[in-house]
Amino acid sequence: MALLLGVDTGGTYTDAVLLRDEREVVASAKALTTRHDLAIGIGRAVAEVLRASGAQAGEIGLASLSTTLATNALVEGQGGRAGLIYIGFREVDLAAHGLAEALGGDPALVIAGGHGAGGAEAAPLDEGALRRWLEAGQGAGAYAVAGLFATRNPGHELRAAEVIREVTGKPVSLSHHLSAKLNGPKRALTALLNARLIGMIARLIERAEGVLRGQGITAPLMVVRGDGALISAAQARERPIETILSGPAASLIGARWLTGADHALVSDIGGTTTDVAVLRGGRPAIDPEGARVGPWRTMVEAVAMRTFGLGGDSEVHVAEGLGAGVSLGPRRVVPVSLMAEEAPEAVHAALEAQGRAAAPGEMDARFVRAVPGVEAGGLSEREAGLLARIEGAVRPLGAVLRNRMDHAALSRLVRRGLVQLGGVTPSDAAHVLGRLSAWDGEAARLALGLVARKRVGSGDRLAAGAEALAQMIVDRLTHQTALALLEVGFAEEEAGFGLPPAALASHVLMQRGLGPHRGLVRIETGLNVPVIGLGASAASYYGAVGERLHAEVIVPEHAGVANAIGAVVGRVVIRRAGVVTAPAEGRYRAHLESGPEDFADAEAAMAALEAALGGEARAAAVAAGAVDVQVSARREVREAEAEGRRVFLEAEIVVEAGGRPRVAA
């Protein structure tokens, strides 16, 4: 009986698990995630799980990967340099819809072209302008194309892609391939983010496949999509944006498999994020508005999950104002205790020197290191100079920043994934409190001692020492986790409460009721469903979270590898969607990939579109490695009443093809 290998690359740890026939966990293992080359951590985790199980590589019939790489990249503003071609829109649309912010200085071109709502050409595509812009050289590793009403006629997007590949040879992301819905600016944003992730995900998959082959594993590699379904590695390369929330989606599938729970909040704490979602009837809901990660609302189908920039490696900030306190995230930094594992002499020497200073410094306990192997094209002179000063070593941040302008350059290098920052995190606090012992606890103690010396607005020290600060950090993690769970609870309530979920979670009545409050008024609040805590550190933190929220907390066995388990117990599911419109009475238009096609009968148009979508979905499912593929279709027909009769307006057709992943004998 073949074994199934699940791998999850988290922000801090890479997990591997072996299952036998989706029924039994044979063995699990962890290795540190190697951010500069994720495949190194994957190889170590796989080697360890094979050693722990005694299994042979040839016994593995399926390998599947879930990853927080895309999610973390968007939360942290990272990714490759991408160029956007915006067809048929106006220049002002870039700013009006937040695209300028998303571009963050990456190149963009607005050119004539696009189509109307019925699919007819609104203006000819300006190929000349596109060619001149591309030939000028933009330093982009990939390109995104979004055309006006491209979901009604993708002709200009398809032609632009041909030109881009001809001139540059770079990968191209087309907006109509990522969503069949209208809203051009939102599709453009989704395509841009997809293009930004292409190089990153491609490198991960290529290296992961190489590592598996190097260990004798020849089974096909699958990747978990953001809705929990599996796709082939080749499909993930083309549409990496679909892997956002891949890790969190796998955790939901894993939580259900581990606990059998039907109704619960699932909270997965990783190094970078805490991901919270609801299980109803044992199934995760799909977000109808598209996945939201960090500041971006995409058009990608994914689980209805809220991602918070809160994890074991969240950056600790000293709160401003008169009161002493800290806040966490949303940026991830490398824990000082982990940086000291990699460069013990440099980190300890810097911490000890900073401790001898008469007064605390702004850069105390903060470090920086370069990430090798990342494409560094398109850097400004200042950015290139700063990167050269960092070189390949771990350095104190204060030793490489010379002025305020260097701070902005450093932020851009971090967003590009070219450098990583190190600093105090909850993981360091856990080392100081004796809850963790994986890394350099003494470095963590020195770092927290330095930060504890800092003065708050009242003039007092932030904390009495390393232990006091560590407890303050863990208490803050408990508080922010409780707020995240409450926010999701309010967001998923059927009844409205008149305020945004985040405001309700932090409302004084809600917070006082957690006490509970006993005065002239009695207020008792909390969660009314269990919390399933997942992640390697869940057992360390979630007991206090449950007490805070007066809720049952379930931390199942294998909670630390739930994502890896979810990666191999899912199914291959491919969805394709399209619309039929009525541009004139007695004429029904099916909007196909090959272009609009008119019919004299609504049923004929819908049948033609359904057949085309079904063929595409089935072919994609088979290409993804599915067997026993079943195809189903759903129609949503919109009609209006006119002069006593029903008039066809539009029909949306969604086709789903799904099956079990093929397991090699």
Side-chain angles (χ1 to χ4, degrees), residues 87-89 113-123 125 145-161 174-188 190-191 227 239 242 286-290 298-301 573-621 629-658:
I87 303 171
F89 296 92
H115 296 81
E121 186 177 78
L125 176 65
V145 181
L148 186 65
F149 285 108
T151 56
R152 299 294 170 85
N153 189 334
H156 286 180
E157 283 196 0
L158 293 169
R159 178 55 188 155
L174 303 183
S175 77
H176 79 277
H177 282 168
L178 300 172
S179 176
K181 297 179 180 179
L182 298 178
N183 193 332
K186 196 171 175 183
R187 278 189 291 107
T190 304
D227 60 358
R239 303 184 183 186
E242 292 187 353
I286 301 300
D287 191 337
E289 297 183 19
T298 71
M299 298 186 84
V300 175
E301 277 196 347
V573 178
I574 301 294
R575 296 183 189 89
R576 293 290 184 263
V579 294
V580 173
T581 59
E585 186 173 357
R587 188 149 53 101
Y588 304 92
R589 180 166 294 169
H591 295 271
L592 307 171
E593 174 76 3
S594 56
E597 187 174 339
D598 288 349
F599 297 82
D601 178 72
E603 178 58 37
M606 290 189 289
L609 178 59
E610 187 175 313
L613 295 174
E616 292 175 18
R618 178 182 287 277
V629 176
Q630 302 294 317
V631 179
S632 61
R634 171 176 55 83
R635 295 181 181 181
E636 184 178 335
V637 180
R638 289 181 281 279
E639 297 178 324
E641 188 80 28
E643 298 181 352
R645 65 189 181 93
R646 304 295 296 175
V647 177
F648 179 96
L649 297 178
E650 186 176 278
E652 180 184 21
I653 297 176
V654 179
V655 173
E656 185 174 286

Quiz item: Are E652 and K181 close enough for a salt bridge, meaning some N to O gap below 4.0 Å?
Solution: no
Quiz prompt | Separation of D598 CG from R589 CZ (nearest 0.5 Å) | solution = 4.0 Å
Quiz item: So how far is it from R618 CZ to Q630 CD, rounded to the nearest 0.5 Å?
Solution: 7.5 Å
Self-check item: Any side-chain donor near an acceptor of the partner, H591 and T151, under 3.5 Å
Solution: no
Quiz item: Is any side-chain N of the basic residue among R159 and E121 closer than 4.0 Å to the acidic one's carboxylate O?
Solution: no
Quiz item: Is there a donor-acceptor contact under 3.5 Å from the side chain of R239 to the main chain of H177?
Solution: yes
Exercise. Describe, in one word, how the ring planes of H115 and H156 are oriented to each other, choosing from parallel (under 30°), tilted (30 to 60°) and perpendicular (over 60°).
Key: tilted
Quiz item: Stepwise, does the side-chain contact (heavy atoms from CB on, under 4.5 Å) test hold for R634 with E656?
Solution: CA-CA 8 Å; R634 171 176 55 83; E656 185 174 286; over 6 Å; no
Practice problem: Calculate, to the nearest 0.5 Å, the distance between atoms OG and CG belonging to S179 and L174 respectively. | Solution: 13.0 Å
Quiz item: Thinking salt bridges, do E650 and R152 make one under a 4.0 Å N-O criterion?
Solution: yes
Quiz item: At their closest point, which heavy atom of V654 faces which heavy atom of A577, and how far apart are they?
Solution: CG2-CB, 4.0 Å
Quiz item: Are any of the side-chain nitrogens in R187 or E157 under 4.0 Å away from the carboxylate oxygens of its partner?
Solution: yes
Self-check item: Nearest heavy-atom neighbours spanning F89 and P185
Solution: CE2-CD, 4.3 Å
Self-check item: Spatial distance of atom CG (L609) from atom CG (L592) [nearest 0.5 Å]
Solution: 6.0 Å
Quiz prompt | Contact summary for A633 and V655, nearest pair of heavy atoms | solution = CB-CG2, 4.0 Å
Quiz item: Taking atom CD of E585 as the centre, does the number of heavy atoms from other residues, nucleotides or ligands within less than 6.0 Å exceed 12?
Solution: no
Exercise. Report yes if the side chains of V580 and F599 come closer than 4.5 Å at any heavy-atom pair, otherwise no.
Key: no
Self-check item: Contact summary for A657 and V631, nearest pair of heavy atoms
Solution: CB-CG2, 3.9 Å
Quiz item: In Å and rounded to the nearest 0.5 Å, what is the NZ to OG1 distance from K186 to T298?
Solution: 7.5 Å
Quiz prompt | Closest non-hydrogen atom pair, I653 against M606 | solution = CD1-O, 3.4 Å
Quiz prompt | Residue pair A160 / I87: nearest heavy atoms and the distance that separates them | solution = CB-CD1, 4.0 Å
Self-check item: Rounded distance (nearest 0.5 Å) linking atom CG of L178 with atom OG1 of T190
Solution: 6.5 Å
